[in-house]
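Below: the structure, in structure tokens.
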Amino acid sequence: MLNYNHFVKIDEKSRRLVIYRIYGDGRKELFTEIELPSAIIEEREDEFREFARLLGENLLTDSPVARKLLDL
């Protein structure tokens with residue numbers, strides 16, 4: 001089983017969140033790239049909550065260690 005960690009980067013210019021898989025040998029692989037939700041969170045609270053929920057679920061289900069610990 002491959003083992004890797006995640007590196008999360010926020011690109012301010014493009015307003016995108018970029019996630020890479022970082023392997024033990026230092027290799028970096030793009031996992032996903034998504035647009036950040038609206039800057040006005042109070043007006044789009046549901047959108048922000050859904051964004052945060054999906055982000056957390058995606059990271060947990062992609063992580064070999066998290067899957068093992070959570071028996072997924």
Side-chain angles (χ1 to χ4, degrees):
M1 172 175 80
L2 287 175
N3 208 2
Y4 50 84
N5 289 300
H6 291 97
F7 174 77
V8 179
K9 174 185 172 184
I10 304 290
D11 185 319
E12 189 173 3
K13 287 184 181 179
S14 67
R15 293 190 44 81
R16 295 186 71 75
L17 182 139
V18 183
I19 302 172
Y20 296 94
R21 291 177 179 145
I22 306 295
Y23 294 89
D25 62 2
R27 185 171 45 102
K28 181 168 78 169
E29 174 184 65
L30 179 64
F31 171 56
T32 193
E33 199 175 329
I34 50 180
E35 188 174 336
L36 290 171
S38 171
I40 305 171
I41 293 172
E42 293 82 20
E43 293 178 11
R44 297 186 179 251
E45 190 173 337
D46 289 343
E47 177 186 335
F48 182 76
R49 284 179 197 264
E50 182 66 6
F51 170 81
R53 184 187 67 77
L54 290 173
L55 176 62
E57 283 180 8
N58 286 335
L59 284 172
L60 284 176
T61 57
D62 187 61
S63 169
V65 174
R67 285 195 310 267
K68 179 181 171 185
L69 293 173
L70 298 171
D71 199 26
L72 297 175

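The environment of Glu12 atom CD is sparse: at most 12 non-hydrogen atoms of other residues, nucleotides or ligands sit within 6.0 angstrom.
Arg16 meets the side-chain contact (heavy atoms from CB on, under 4.5 Å) test with Ser14, Glu33, Glu35; sequence neighbours excluded. With sequence neighbours excluded, no residue satisfies side chain to side chain donor-acceptor pair (under 3.5 Å) with Arg27.
If you take CG on Leu60 and CG on Leu55, they are separated by 9.5 Å, rounding to the nearest 0.5 Å. Of the inter-residue distances, the one linking His6 atom NE2 with Glu29 atom CD reads 9.5 Å to the nearest 0.5 angstrom. A distance of 10.5 Å separates OG1 in Thr32 from CG in Leu54, rounded to the nearest 0.5 Å. Annotation: the span from Leu36 atom CG to Leu17 atom CG amounts to 6.0 Å, rounded to 0.5 Å. Asn58 CG to Ser63 OG: the interatomic distance, rounded to the nearest 0.5 Å, is 12.5 Å.
In this structure, Arg15 contributes its side chain and Pro37 its backbone to a donor-acceptor pair below 3.5 Å.
Side-chain atoms of Leu59 and Ile19, non-hydrogen and from C-beta on, do get closer than 4.5 Å to each other. With contacts defined as side-chain heavy-atom distances shorter than 4.5 Å, the pair Arg21/Lys28 does not qualify.
Screening residues 9-29 for ring-ring contact (aromatic ring centres under 6.0 Å, His included), with sequence neighbours left out, gives Tyr4-Tyr23.
The same ILVMFWY cluster, assembled from side-chain heavy atoms under 4.5 Å apart, contains both Leu30 and Ile22. Following chains of ILVMFWY side-chain contacts shorter than 4.5 Å, one cannot reach Ile10 starting from Phe7, and the two form parts of different hydrophobic clusters.
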